[in-house]
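Single-structure report; data block below.
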2 protein chains.
Amino acid sequence: MGMTTIYDVAELAGVSPATVSRVFNGTSVSVEKSKAVRDAAKELKFVPSRTARTLRRQSSEVIGLIIPDIENPYFTEMARGVEDVASEAGYSVVLCNTDAQVDKESTYLQIAISENMSGVIIATASEQSDLDLILATGRPVVAVDRSTTYDVDGVVMANRAAGASATRALIDAGYQRIAYIGGPEHIDTAAERASGWRASLAHAQPDADLEALLRFATFRVDGGRAAMEELLSMPEPPDAVVAGNNLIGVGAIQVLTEHGLTPPRVGVAVIGSLPFTTLSPTAVTVVRLPARHMGVTAAKMLLERIGGDEQPSRTVVLRNELRAASVPR
Amino acid sequence: MGMTTIYDVAELAGVSPATVSRVFNGTSVSVEKSKAVRDAAKELKFVPSRTARTLRRQSSEVIGLIIPDIENPYFTEMARGVEDVASEAGYSVVLCNTDAQVDKESTYLQIAISENMSGVIIATASEQSDLDLILATGRPVVAVDRSTTYDVDGVVMANRAAGASATRALIDAGYQRIAYIGGPEHIDTAAERASGWRASLAHAQPDADLEALLRFATFRVDGGRAAMEELLSMPEPPDAVVAGNNLIGVGAIQVLTEHGLTPPRVGVAVIGSLPFTTLSPTAVTVVRLPARHMGVTAAKMLLERIGGDEQPSRTVVLRNELRAASVPR
DNA sequence: ATGAAAGCGCTAACAA
DNA sequence: TTGTTAGCGCTTTCAT
């Protein structure tokens with residue numbers, strides 16, 4: 001029960017505790033002693049205490065990944081990217097789910113400090129997110145998906161371009177009344193994507209009443225469902241819709257299917273991938289967002305900062321990839 | 001940069017470090033001193049070091065959740081359940097993704113020990129999984145989804161029943177040649193679900209050649225796709241299929257859709273939910289597995305053990321819920 | 001109720 | 001190369 005320590009190993013191996021520590025940290029130790037230590041460690045099933053090491057070093061090989069919705073495949077795909085890079089570098093990743101609540105987010109940021117994590121990658125819960133405390137500790141922070149008002153590194157999608165090209169694909173396919181269901185207005189990604197839709201549509205149809213075709217929802221399946229129902233109940237319903245994220249897209253398509261309006265009868269373009277869709281892949285236009293790549297990029301940037309990189313903060317904007325529906329209307 | 005400690009707070013508040021500690025641990029301190037300490041702590045933006053506390057106490061308010069596939073919604077749904085219960089009790093959850101690899105799993109189990117986590121919830125990567133080391137430390141372990149040969153608490157689904165009722169639903173709907181695509185044969189959940197299928201089908205069709213209709217795949221979308229393609233290329237293809245998990249189901253339905261055999265033209269029953277499907281919910285039979293509930297149950301059991309509960313180990317089997325397709329063939 | 005002091009397991013500066 | 005030793009920040013006995 002009482003864990004075995006470097007002192008136990010040292011005694012069995014006939015060396016000092018410091019030598020044991022050195023063996024496990026790769027600093028110069030003679031071959032014989034090194035072997036003696038390893039043998040003793042194996043014999044005693046020694047597992048070094050990260051806790052003690054962290055306390056001593058004032059830093060742990062752990063990075064925090066703070067996201068608003070762990071059940072959204074977009075974020076889990078990103079988490080995979082982060083994890084792959086981090087574990088390659090010997091870091092472990094603590095995944096924290098905020099449910100888009102600022103107070104939960106604050107708690108996790110405190111924990112990051114309190115556990116001496118070396119850095120944090122965060123998709124902020126809202127504009128209200130408070131990074132002051134963690135930045136005051138000098139820990140590096142990388143913002144993903146959403147940008148912040150803080151002077152930190154960031155990795156974001158080309159959101160306006162995504163909204164624009166999704167919309168253009170529907171225009172090119174001949175749809176006339178193209179609605180937009182976006183995420184919460186106060187989230188910058190949502191606003192930017194909507195502005196891309198607005199620009200494309202205004203360009204093609206200068207006289208269209210855009211605001212009548214615009215809905216804001218939560219970034220969740222039920223948000224997409226509710227907004228789609230509402231759009232269908234309009235006196236003059238849209239003949240196509242752009243979904244502001246993957247889950248909204250799922251909800252919208254579900255409702256359309258239930259109403260017998262399976263795409264492409266009503267045109268659908270989704271910003272974000274639908275990894276678990278059962279639709280024919282050619283029925284819906286998708287603007288693929290490179291979520292995994294976002295995670296990989298963020299993790300690399302964070303590790304550079306942890307390594308002492310002091311250059312001015314950067315924001316990387318990731319290109320997205322249009323896959324237009326190929327089935328004729 | 002150097003973090004503020006209880007010593008700094010103590011000095012500002014004019015008390016001893018021990019008193020500061022007591023304030024943050026809820027032991028008896030006079031009202032005035034308590035207030036002085038809180039004020040000083042706020043002023044200095046004091047964040048107590050979990051690392052130091054963990055080292056001293058030899059235990060941290062962290063539980064490890066080790067799963068084979070973080071991108072599978074089944075596991076993220078479960079993670080939500082774990083997280084909700086844990087954070088309610090003041091614990092944080094570290095999510096560890098093993099990719100179904102035993103060596104990654106061992107690494108995470110070592111980290112759990114090394115970080116003094118209070119316990120672990122694990123969906124084992126395989127039969128080879130090695131829990132000896134962590135059990136030797138006396139830490140509680142709860143096995144989820146898959147059972148183990150170790151004497152630990154467990155929470156599992158009623159897998160055989162799930163396989164049987166999925167199959168029966170297809171039989172009742174009038175399908176004749178009902179294939180099965182299961183997960184890897186060596187994983188017990190996969191084997192049990194398959195045996196449920198086998199039993200139901202053998203009962204209804206004593207002369208059927210079951211093995212010709214059985215395929216094993218990975219528990220992933222591509223596994224389902226490959227197996228379904230193979231089934232369709234048989235001289236006498238099946239007219240229905242049972243998918244051994246959610247991702248296999250997605251893959252199978254994708255392939256069917258691409259071949260113009262949208263359910264219910266070919267009958268489909270899936271063991272597990274399809275949270276992001278865009279199908280009409282009535283076209284496919286689903287055996288809902290209560291993943292969130294599994295997480296909740298496991299977390300509660302683990303917390304009881306952490307609290308000192310010493311009763312003999314238990315395994316909870318969770319009931320599932322059949323939602324038969326309601327669209328006629 | 002409060003303070004003094006020891007020590008959790010490790011690392012790193014200093015000596016040898 | 002190796003050992004000795006002083007903490008990292010906290011909790012917790014033991015006195016007071």
Side-chain angles (χ1 to χ4, degrees), chain A residues 1-38 40-41 44-62 110-118 137-138, chain B residues 1-38 40-41 44-62 110-118 137-138:
Chain A
M1 194 72 203
M3 66 192 310
T4 72
T5 73
I6 52 171
Y7 289 89
D8 305 322
V9 177
E11 193 177 338
L12 182 59
V15 300
S16 79
T19 300
V20 177
S21 171
R22 289 185 185 111
V23 168
F24 284 94
N25 289 285
T27 40
S28 47
V29 176
S30 72
V31 189
E32 317 88 77
K33 301 224 170 192
S34 176
K35 177 167 173 11
V37 168
R38 284 181 200 291
L44 297 174
K45 297 184 177 171
F46 169 68
V47 178
S49 164
R50 286 185 162 222
T51 305
R53 151 196 276 250
T54 297
L55 179 60
R56 177 58 226 239
R57 290 244 202 121
Q58 293 296 308
S59 144
S60 71
E61 270 82 57
V62 173
Q110 291 232 18
I111 291 178
I113 299 171
S114 191
E115 300 258 23
N116 292 287
M117 294 182 193
S118 353
T137 68
Chain B
M1 194 73 206
M3 64 191 315
T4 72
T5 74
I6 53 170
Y7 288 88
D8 306 321
V9 176
E11 192 176 340
L12 182 58
V15 299
S16 80
T19 299
V20 177
S21 170
R22 289 186 183 110
V23 169
F24 284 93
N25 289 285
T27 40
S28 47
V29 177
S30 72
V31 189
E32 318 88 76
K33 301 223 172 192
S34 176
K35 178 167 173 11
V37 168
R38 284 183 200 290
L44 298 174
K45 297 185 178 170
F46 170 67
V47 178
S49 163
R50 287 186 160 220
T51 304
R53 151 196 276 249
T54 297
L55 179 60
R56 175 59 225 238
R57 292 242 200 124
Q58 292 295 303
S59 145
S60 71
E61 269 82 59
V62 173
Q110 291 233 17
I111 290 178
I113 298 171
S114 190
E115 301 259 23
N116 293 287
M117 294 182 194
S118 350
T137 68

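First the proteins, then the strands, lettered A, B, ... as listed; each starts at 1. Keep in mind that the numbers below use all heavy atoms, side chains included, and drop hydrogens, waters and symmetry copies.
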Report task. Could you check how far CZ of Arg50(A) sits from P of dT11(C), rounded to whole Å? Result -> 12 Å
Query raised in the report: Can you find a side chain N or O atom of Arg57(B) that sits less than 4.0 Å from OP1 or OP2 on dT12(D)?
Result: yes
Report task. Check the distance between dC8(D)'s C1' and Met3(B)'s CE and give it to me in whole angstrom. Result -> 10 Å
Query raised in the report: Less than 4.5 Å apart, any side-chain heavy atom of Thr4(B) and any of Lys45(B)?
Result: no
Query raised in the report: For the residue pair Met3(B) and Val47(B), what are the closest heavy atoms and their distance?
Result: CE-O, 3.9 Å
Query raised in the report: Starting at CG of Asn25(B) and ending at P of dC10(D), how long is that distance when rounded to a whole Å?
Result: 10 Å
Report task. Would you mind reading off the distance between Arg56(A) atom CZ and dA12(C) atom C1', rounded to a whole angstrom? Result -> 5 Å
Query raised in the report: Is there a donor-acceptor contact under 3.5 Å linking the side chains of Asn116(B) and Thr51(A)?
Result: yes
**Report entry** Gap between atoms CG and P, on Asn116(A) and dT11(C) respectively (whole Å)
**Finding:** 14 Å
Report task. Output the single nucleotide from dT2(D), dG7(C), dG3(D) whose closest atom is nearest the side chain of Val15(A). Result -> dG3(D)
Report task. Looking only at non-hydrogen atoms, find the nearest pair between Thr54(B) and Glu115(B) and report the distance. Result -> CG2-O, 4.1 Å
Requested in this report: Compare side-chain N and O positions of Thr5(A) against OP1 and OP2 of dG9(C) and report whether any pair is under 4.0 Å apart.
Outcome: no
Report summary line: When rounded to whole Å, the CD1 to P distance for the pair Ile6(B) and dC8(D) reads 12 Å
Requested in this report: For dT2(C), take OP1 and OP2 only and decide whether either is under 4.0 Å from a side-chain N or O of Thr19(B).
Outcome: no
Report task. Using a cut-off of 6.0 Å, state whether more than 12 heavy atoms not belonging to Glu61(B) lie near its atom CD. Result -> yes
Query raised in the report: Roughly, in whole Å, what's the span from CD in Gln58(B) to P in dA6(C)?
Result: 19 Å
Query - Phosphate OP1/OP2 of dG9(C) contacted by Ser49(A) side-chain N/O (<4.0 Å) - result: no
Query raised in the report: Quick one: are Val29(B) and Val37(B) in side-chain contact, heavy atoms under 4.5 Å?
Result: no
Query - Under 4.0 angstrom between Ser30(A) side-chain N/O and dT1(D) OP1 or OP2 - result: no
Query - Heavy-atom donor-acceptor pair, Tyr7(A) side-chain to dC8(C) base, under 3.5 Å - result: no
**Report entry** Nucleotide dG7(C), atom C1' - distance to CG of Leu55(B) in whole Å
**Finding:** 9 Å
N/O-N/O pairs, protein side and nucleotides 13-16 of chain D side, under 3.5 Å:
{"residue": "dT13(D)", "atom": "O4", "partner": "Arg22(B)", "partner atom": "NH2", "Å": "3.4"}

Report task. Examine dA1(C): is either OP1 or OP2 under 4.0 Å from a nitrogen or oxygen in the side chain of Ser28(B)? Give yes or no. Result -> yes
Report task. State, yes or no, whether a side-chain contact exists between Val20(A) and Tyr7(A) at a heavy-atom distance under 4.5 Å. Result -> no
Query raised in the report: Between Val15(A) and Arg22(A), is any pair of side-chain heavy atoms under 4.5 Å apart?
Result: no
Query raised in the report: Which nucleotide, dC10(C), dC10(D), dG3(D), lies nearest any side-chain atom of Arg53(B)?
Result: dC10(D)
Requested in this report: Describe the nucleic acid contact of Phe24(A) in one word from base, sugar-phosphate, nothing, applying a heavy-atom distance below 4.0 Å.
Outcome: nothing
Query raised in the report: Can you tell me if the side-chain N/O atoms of Ser21(A) get under 4.0 Å from OP1 or OP2 in dT11(C)?
Result: yes
